[in-house]
Number of protein chains: 2
Amino acid sequence: MRTIKDIAKLADVSRTTVSRVLNDSGYVSEKSRKKVLDVIEETGYVPSQHAKSLRTKETKIIGVILPKISTDTSSRTVDGMNEVFGEKGYQILLTSTNLDKVKEIEHLRLLQNRQVDGIVLLATNTDEDLIREIQDSKVPVVVIGQEVPHDSGIPSVVFDDYGAAVKLMEALIGSGRRKIGYVGVEAADQAVGVLRKRAYLDVMERHGLESGAPSVQTGDFSIESGYEAASRMFSDGTGDIDAIFAATDRMGIGVWKYLREAGISVPGQVAVVGIGSSETSRFIEPAMTTVEYEFEAAGRAGAEILLSILNGFDNGPDKKILDFKLISRDSL
Amino acid sequence: MRTIKDIAKLADVSRTTVSRVLNDSGYVSEKSRKKVLDVIEETGYVPSQHAKSLRTKETKIIGVILPKISTDTSSRTVDGMNEVFGEKGYQILLTSTNLDKVKEIEHLRLLQNRQVDGIVLLATNTDEDLIREIQDSKVPVVVIGQEVPHDSGIPSVVFDDYGAAVKLMEALIGSGRRKIGYVGVEAADQAVGVLRKRAYLDVMERHGLESGAPSVQTGDFSIESGYEAASRMFSDGTGDIDAIFAATDRMGIGVWKYLREAGISVPGQVAVVGIGSSETSRFIEPAMTTVEYEFEAAGRAGAEILLSILNGFDNGPDKKILDFKLISRDSL
DNA sequence: ACTATATATGGAATCGATTCCCTATTTTAT
DNA sequence: ATAAAATAGGGAATCGATTCCATATATAGT
């Protein structure tokens, strides 16, 4: 492995001069610059990032913490981040918690040890411990996907979950549905578990509709859990439902599957809507009405916020709320 | 930021001793060890990875080059890799070429500059330039997804694309289909573009069946391109086709969509099969017959090969061929 | 012609760890 | 009791860059 010292010797200049050429800093004559550049070209020399980082305290690496890599949400968000980070010469160090809440904090620490320049966290919860850990972080952290307490000082990017859910509910009610069931997820997840459900309950109440126990079910994001949630709705209270609002597309697909198998016509007897605009939701029949979130945009926004912090433009804790788009299809 | 020097001073020992405690090396008395550990606990000290890597030449980081992050194939493979790398304390530095072939080489270089310990490349081609660049690499590289020349000395993990395609074709023919069309991708992609097509052509020939021009089409992996390929098949030669083998599920879904819209019954008039076992393929109607590749396993296998090389067990260039599973559903 | 100032370059300290080598003290073996 | 081996711990070199400071020369300003 060649070092700057070797290059200096070969080019017959000092290490200082080589470093100057490398970084376009200070004064270097054309002659010296050429000599150095030639030697670099010949030798295929590449400076050591570690030595560099050791001095400059910059790594050009951003740590990203995901709940799981292979989900539509995660990978599209990372794609978006990568776009803007890549442009600025940053690379992404990926870690996955595999849905283990404890690991979120663990990885937060691990990444700081790696001395990344910043961290993006695709959060699944907003527990106090987590918030505290973020606040204690030595490097800037941006949270994507979860509402953080407004006084926490933590920048974040979220989708308008409440608004999206309201819009979907209004659409359901606008089409004459009254006995609407809900399939959600546990409350630890603010964005998906709490906000969307609250929208459902609020709209139901506003219209004086009842949202009793059997018509409100909880799943775990999987298609299967949607299927089972639907089956519970119909085995219990039974039949007295004319629409189901699933908090995510995947659970919605589970619901749809159950309905199909149970011989319940969609949307004739029961309408189904979801959130997420997954590929599958487009191709089932009837195609599912859903809400489109542009995850790539969320990734980009998160990256941009982090970058602006890194560049010292720390104009207060940004909170960016991303818009959504209602995709009306045939399941409603 | 605290350094080992601060800790040494606070614990009233030398940096050497602190380092020994940190790395469990050399002789350290229980007393000293406790003092050091206590100070570390109190201060929340974390050693600098850069300083460490500078000396040890180890980063515990693996570079991963993907064609695109947000695809099922990529993200599942990364998930698998992450599983085994994570266990061994390695982290993943992600880069995406966004399907730009030139960038594959560029990123290969970039990652070496980052002095990653190893590189995993999800390849989309096997051009000479790329192979040469890999061979010149200072750090070990494992290729996933593409057959590399057997004499290149490059370890790789591939799926049995030819075998899978043959099996699918035999199933088609076994069900009585004779006029089988093919929707593939360009030949730069060995695995998908060449191998699967060759299997198609071989099987057709073996059975004395004709595979003329209009019934062999090329797409670009997208659903839309599958749709268009199908439409070309039927506008040209027209009608004289009783099955379509799509090289990927997504293109297969495009084909299915076209058939549906054109009022051609599936599988009554035309059967459709794909490769990949995507989620959507399961839920369309009729559900699509396809081949399941376990991408997570490919990721794991790639990671294991790389790890064994890093540990000095360099038992020749491994080439691992992964099995597949035929998923028979209703589209055939 | 004589200061200023701009240009060019190198020496040496520095970043924060690891590790070789040396010395001192204990423990064990004979 | 004495030599050998094990245990404990520190000094200082080292990894490969950046950067402060000093010095030397060229150019410009008056």
Side-chain angles (χ1 to χ4, degrees), chain A residues 1-40 43-61 89 110-117 138-139, chain B residues 1-40 43-61 89 110-117 138-139:
Chain A
M1 181 63 104
R2 298 180 179 285
T3 74
I4 197 173
K5 215 171 153 184
D6 303 329
I7 305 302
K9 189 165 292 171
L10 288 171
D12 199 27
V13 297
S14 72
R15 330 217 286 282
T16 309
T17 301
V18 176
S19 175
R20 290 203 178 105
V21 172
L22 251 24
N23 297 286
D24 263 326
S25 62
Y27 291 114
V28 180
S29 66
E30 261 324 304
K31 220 176 81 195
S32 297
R33 156 169 278 112
K34 188 171 177 337
K35 271 196 299 184
V36 171
L37 254 21
D38 283 353
V39 172
I40 290 179
T43 56
Y45 161 75
V46 164
S48 153
Q49 268 292 331
H50 302 300
K52 185 170 183 159
S53 298
L54 182 55
R55 279 243 45 172
T56 61
K57 310 284 176 211
E58 257 207 1
T59 58
K60 291 281 182 178
I61 293 184
L110 221 64
L111 284 174
Q112 293 176 249
N113 306 8
R114 289 281 191 196
Q115 5 256 166
V116 296
D117 289 347
K138 282 165 292 214
V139 303
Chain B
M1 180 66 103
R2 297 179 179 286
T3 73
I4 198 173
K5 214 170 153 184
D6 304 330
I7 306 302
K9 190 166 292 171
L10 288 170
D12 199 28
V13 296
S14 73
R15 328 215 291 278
T16 308
T17 303
V18 177
S19 174
R20 289 199 180 111
V21 172
L22 250 24
N23 298 285
D24 261 326
S25 62
Y27 291 115
V28 181
S29 67
E30 260 324 303
K31 221 177 79 195
S32 297
R33 155 169 279 113
K34 189 174 176 334
K35 270 197 298 184
V36 171
L37 254 20
D38 283 354
V39 172
I40 289 180
T43 55
Y45 161 76
V46 165
S48 153
Q49 267 292 330
H50 302 301
K52 185 169 183 162
S53 296
L54 182 56
R55 280 243 44 170
T56 61
K57 310 284 175 211
E58 259 208 0
T59 58
K60 291 280 182 178
I61 293 184
L110 220 64
L111 284 174
Q112 293 177 248
N113 306 8
R114 288 282 191 196
Q115 4 256 164
V116 296
D117 289 348
K138 281 164 292 209
V139 302

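Bear in mind the structure is a predicted one, so any value in this text is a computation, not a measurement.
- Taking for each of Asp12(A) and Tyr27(A) the nucleotide of DNA chain C with the nearest heavy atom, the 5'-most of the two is the partner of Tyr27(A).
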How would nucleotides 20-29 of chain C be written as a contact map, 5' to 3', with B for base contact, S for sugar-phosphate-only contact and - for no contact, using protein heavy atoms under 4.0 Å? -B--------

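- In summary, the side chains of Ser19(B) and Thr16(B) do not present any donor paired with an acceptor at a separation below 3.5 Å, with no hydrogens or angles considered.
- Across the protein-nucleic acid pair, Ile4(B) atom CD1 and dT19(C) atom P stand 11 Å apart, rounded to whole Å.
- In this structure, NZ of Lys9(B) is placed 19 Å from P of dG9(D), rounded to the nearest angstrom.
- Between Ser14(A) and dG10(C) there is a side-chain polar atom (N or O) within less than 4.0 angstrom of OP1 or OP2.
- Within residues 53-61 of chain A, the residues having any heavy atom under 4.0 Å from DNA chain C are, by residue number, Leu54(A), Arg55(A), Lys57(A).
- Side chains of Thr17(B) and Tyr27(B) form no contact here, defined as non-hydrogen atoms less than 4.5 Å apart.
- Look at Ser29(A) and you'll find a side-chain N or O under 4.0 angstrom from OP1 or OP2 of dT9(C).
- The distance between atom CZ of Arg2(B) and atom P of dG16(C), rounded to the nearest whole Å, is 13 Å.
- Side-chain atoms of Arg15(A) lie closest to dA17(D) of the nucleotides dG9(D), dA17(C), dA17(D).
- Residue Thr17(A) places at least one side-chain N or O under 4.0 Å from the OP1 or OP2 atom of dG10(C).
- Within 4.0 Å of Val13(A), counting heavy atoms only, lie sugar-phosphate atoms of the nucleic acid but no base atom.
- Side chain of Ser32(B) to backbone of Val28(B): no donor-acceptor contact under 3.5 angstrom is found.
- A side-chain donor-acceptor contact under 3.5 Å links Thr43(B) to the backbone of Val39(B).
- Rounded to an integer number of Å, the gap from Lys52(A) NZ to dC15(D) C1' is 17 Å.
- Within the 4.0 angstrom heavy-atom criterion, base atoms lie near Ser19(A).
- Side chains of Leu10(A) and Arg2(A) form a contact here, defined as non-hydrogen atoms less than 4.5 Å apart.
- Regarding contacts with the backbone of dT9(C), a side-chain N or O of Ser32(A) is found under 4.0 angstrom from either OP1 or OP2.
- Ile40(B) has its CD1 atom 14 Å from the C1' atom of dG16(C), to the nearest Å.
- Environment of NZ in Lys138(B): crowded, with over 12 heavy atoms of neighbouring residues, nucleotides or ligands closer than 6.0 Å.
- Screening Ile4(A), Asp6(A), Thr3(A) against Arg15(A) for a side-chain contact (heavy atoms from CB on, under 4.5 Å) leaves a single residue, Ile4(A).
- Mapping Arg33(B) and Tyr45(A) onto DNA chain D by nearest heavy atom places Arg33(B) closer to the 5' end of the strand.
- Of the possible polar contacts, none joining the Asp117(A) side chain to the Glu58(A) backbone as a donor-acceptor pair under 3.5 Å is found.
- For the pair Ser53(B) (side chain) and His50(A) (backbone), a donor-acceptor distance under 3.5 Å is absent.
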